[in-house]
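No experiment lies behind these values; they were computed from the predicted model shown. Lettering of chains follows the sequences in order, A, B, ..., and the numbering in each one begins at 1.
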Amino acid sequence: MLADNSTFLFLTIGESAYLYSVDGVQEVAEMLPVRPYPISMVGHLGVINLRGEVIPVISFNINKMGKICDKNKCRLIICKDEDGRFAFACSSVKKVILSEQQIAEVEKSKITQVEGKPAMLLSISELLNRGAA
Amino acid sequence: MNENDDLIPEFLAEAAELLEKVYQDLTDLSSGVPSDQIQGYLDSLFRNIHTVKGGCGMFNFVNTQEVAHGLESHLSELKSSTPKEISAEEISYIRDKTQQIEALLNRHDSADEEVATAEAPVPVNEDVTSAPGVVEKKTETANIKKEETNSSKTVEYIRVPVNRINESISEISEIFLIRNQMVHLVGKRKMGQIDERDFYQSWDQLDAALRRGIGELERSTMNMRMAPVSGLFSRMGRVIQSYKSENKKIEFKIFGENTELDKKVLDTLAEPLVHLVRNAMDHGIETMDIRKSAGKPLHGTIELKAAIVGNEAVIEISDDGKGIDGSRILASAQEKGLDVSHISDDKAAIDLIFMPGFSTAQTLSEISGRGVGMDAVKSSVNALGGKINIQTQVGQGSTFTIKLPVSVSVSPVVIVNIKGLKYAVPNQDILEIRQTNIRKVEKNNGKDYVKFRDAFIECIDTRNIITEQHKDHEENMSEASFLFFQQNEKIIAARVSSFESNTEIVVKPASKLIPSIPWISGVSVLPTGESIFVISLDRILEQVPKEVKYAC
C-alpha cells in the first residue's frame, strides 16, 4: 500500500502534473525569495528563509522558477525527512482524494489520471536523489 | 524497556563527574598529601565509587557494577587499615580500575547502541589490575555481558549551576515587563492619550531596554552551555599518565584550567587534543638518552594552556621535545609524490603535516599511530570555526595553538558582496578590510599584489571561485575591495566585489540537505530577512586552483 489514506497533493510543475503524498508535507507556503548557492548545483535552486530557518529548495529541470511561476500562484511545498526540511516549488497545488481505482493505478504504474491530466507519483526519495527531474 | 531508562543519560553524566573527582583525588594523592589527610581522601574515593556502583545497579549495568563493587571493597579494606601513606602501586591500581569503570560506562554512552550492548572485551592490563598484596582472579578482564539499555542516544545533558538558570529567568522577567510596557504604550497611542513625539521617544527607550535585555538573556543562556576546560585537561593528564615507556619520562603541566568554553566545543575538542598529546609523547619528547646527550632535563614536559583572548579561546599544547624538521617533512612529501612546488619556506613545509594522509612516522606507533591524521585534527578545529597553527624549533620543541570562538552564538560579521550576492565573513577571520583604487593593485609574474602595512601582499580573487552572480550585478571597475586575513604566519588579501555592512548574526550549521561546499561554514539570516551563506576565507584559500589563486 502507498499510504493508509488516499489524500495527495495534486501539483503542477510547468506543464506536468504530479501527485505527492501528504505524509511528508509540513506546509504549503507562498513563494519566498530563493537565495542561490555560490556555485551552481545540479538539482538545487538555493535556500530560503522560512521563519528564521534556512532550508534548501530542490530544483526540477522543468521548473525554472520565474519562467513558469507566476509569483502570485507559485507555491512552495515544505517537506521534512530524517535529514531535515526542504522545499520545492510548483506552479499550482491542491489537495485531492483519490478513488480506489486511482490508488490501484498509482500503485501499479505510478501514474493515474487526475482532472483529465496524467499525474505521476513523486516521492521524497525521488525528489532528493534525482536532483533534476 | 526499563522505566528508568530515560534517566540513563543523566546518570552517565553524573557518573562522569564522580569519576572525575576520583581522578582528581588520585592526582592529589600521587603528588603527596599530609598523612593526616589521607583518610579523608580515601573516604572521598570510597564515597564516589560507591555512588557510581549504586547507579550501575539501578540501571542494571551488571558488569560495571561488578567492577565498581570490587574497587569499593578494596577501598573499604584500605580505609580500615588507616594507612599513613598510599603507595604509587596502590594509586596505579585504583586508577586502572577507575579507567575500567569509565570505559564500561562510555560504552553505554556510545552513539552506537550495538557497541553499548555487545559482549566486547574491555582491554585491561592484567599486570595492574591485581590489587597490591592481593591474589586476584585474572578473569577481571571482564567481558561485558549484554546489559539491557535502551538509553535515548539523541538526548544530551549538561549540568548547569542553578544560579545561571536563575539569571536567565530574571532576564526573561525583565523582557516580559518591557513587552507589557510596549503593549500599554501602543494602547495609549491608539486611544490618543499620547502624542506622536512622546510615543516615539518612549518607544525608543523601551526598544533600547528590550535589546539590552535580549542581549543579556542571550549571554546568560549561552553561559549555561559553558563549562571549564579542567575536565578536558584532566583527561589529557590521564592519557599521559597511562603512557608507559621505560625510555621516556614525561611531566604534565596545565595552566588556565578554569577557562570556560562552550560544552559542544569542549566535547568536539577532546579527540583532536588527545591526538596532539599522543603525538607529543610519541614523536615529540625524546628518549632519556637523547635528552641527556642534548643537555636537556631527562624528564620531557608537555604543557596545556587555556586562556580567553578577546572573543577567542586560545588553547596551546606544547612540548620541549625534538621539534619538527621542515626539511624532513618536505623530503617525505616529495618521496610520496606530493606536489610541493608551492612550498617556499620552512613554515609552509611544516604545514604539510596537515595534508590528508601525511605522516613521517617510520612505523605506526601504538600510542599515536591510530590512523587519525593531523588533517583530521585540523578538520575538527575548523568545523568549530577555529584555527590551528604550529610553532616549532628543531631541538627545542613544538607548540600547537588552537584558536576557537568562545561560544557558538552571535558572531559579528562583515557582509561582503561578491558578484551581486551577499556573503558573511566572521570578523575574527579578518585582520582588516580596505577599499583601494584599482591602480594600486600591482601585477608581477602573473600574480597580483596589494600594499598592506608597507608590504606587498599576494591576492586571491573570490570572484573566480564563486560562479553564481546576480543578474543585475555590475562590477566596480575603479575600486578594489580587499579582506586581509592571516593563514598561519602569512597575510593574504581576498578580493570581493564590495563591502555592504557590519552586523551580528547567529551562525547556524547548514542543513544536511544543503549541498556541501567546503568553504561554506554556516548559514544565517540577515536583519532584512535575506538568507546568507557564511564563508571561511581559510577554506576558500584551500579550494582555489593554483592557476587562478593569485589573479585578482
Side-chain angles (χ1 to χ4, degrees), chain A residues 20 24-27 29-61 64-67 69 71 76-89 122-133, chain B residues 154 214 410 415-425 461-473 494 496-497 500 505-537 539-540 543-545 548:
Chain A
Y20 192 75
V25 176
Q26 287 204 315
E27 64 180 291
E30 291 195 1
M31 198 60 206
L32 292 165
V34 178
R35 162 64 206 252
Y37 291 111
I39 46 182
S40 60
M41 293 281 174
V42 176
H44 292 268
L45 281 178
V47 294
I48 52 167
N49 164 22
L50 186 73
R51 298 185 294 275
E53 187 185 355
V54 178
I55 66 171
V57 182
I58 309 296
S59 152
F60 293 86
N61 269 352
K64 296 289 184 195
M65 286 197 308
K67 285 184 184 172
C69 283
K71 279 193 177 175
L76 282 169
I77 312 295
I78 313 293
C79 309
K80 185 170 188 192
D81 90 332
E82 58 191 17
D83 284 332
R85 293 210 278 183
F86 68 95
F88 66 92
L122 281 177
S123 68
I124 280 191
S125 57
E126 278 175 314
L127 278 171
L128 294 176
N129 295 332
R130 74 199 292 187
Chain B
T154 53
I214 291 171
V410 175
I415 306 299
V416 299
N417 181 315
I418 305 172
K419 292 177 155 181
L421 295 170
K422 291 176 188 171
Y423 296 89
V425 184
D461 195 339
T462 59
R463 298 170 306 168
N464 291 334
I465 307 150
I466 290 173
T467 57
E468 289 291 298
Q469 73 169 52
H470 193 274
K471 57 182 168 46
D472 299 327
H473 175 64
V496 296
S497 297
E500 294 274 341
I505 57 173
V506 177
V507 180
K508 298 175 183 174
S511 153
K512 286 181 185 173
L513 296 174
I514 290 178
S516 170
I517 300 171
W519 39 270
I520 295 295
S521 57
V523 294
S524 190
V525 175
L526 291 174
T528 55
E530 297 165 89
S531 311
I532 195 164
F533 293 104
V534 183
I535 57 180
S536 156
L537 294 173
R539 283 187 248 168
I540 275 199
Q543 296 294 317
V544 182
V548 297

Check whether B/Lys508 gets within reach of chain A through its side chain, its backbone, both or neither, counting any heavy atom under 4.5 Å. side chain
Could you look at B/Ile520 and say if it's the side chain, the backbone, both or neither that has a heavy atom under 4.5 Å from chain A? side chain
Atom CD1 of A/Ile77 and atom CD of A/Gln26: how far apart are they, to the nearest 0.5 Å? 12.5 Å
Just so I understand: if I count every heavy-atom pair under 4.5 Å between each of A/Gly52, A/Pro33, A/Pro38, A/Pro56 and chain B, which residue has the most? A/Pro38
Selection from A/Val47, A/Asp81, A/Ile55 maximising heavy-atom pairs under 4.5 Å formed with chain B: A/Val47
When you measure from the side chain of B/Lys419 to the backbone N and O of B/Ile466, does any donor-acceptor pair fall under 3.5 Å?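 Yes; judged by distance alone, with no hydrogens or angles, the pair exists.
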Please confirm whether the backbone N or O of B/Ile532 pairs with a side-chain atom of B/Ser524, one donor and one acceptor, at under 3.5 Å?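 Not at all, since once roles are kept as given, no pair shorter than 3.5 Å links the two residues.
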Cation over ring, B/Arg463 on B/Tyr423, under 6.0 Å and within 45°? no
Select, from B/Ile514, B/Ile535, B/Val523, the one with the greatest count of heavy-atom pairs under 4.5 Å involving chain A. B/Ile514
Hey, which of B/Val525, B/Leu421, B/Leu513 has the most heavy atom pairs under 4.5 Å with chain A? B/Leu513
Is it the side chain or the backbone of A/Pro36 that comes within 4.5 Å of chain B heavy atoms, both, or neither?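 Both backbone and side chain.
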What are the two closest heavy atoms between A/Ile78 and A/Ala87, and how far apart are they? CD1-CB, 3.8 Å
Over 12 non-hydrogen atoms of neighbours within 6.0 angstrom of NZ in A/Lys80: no
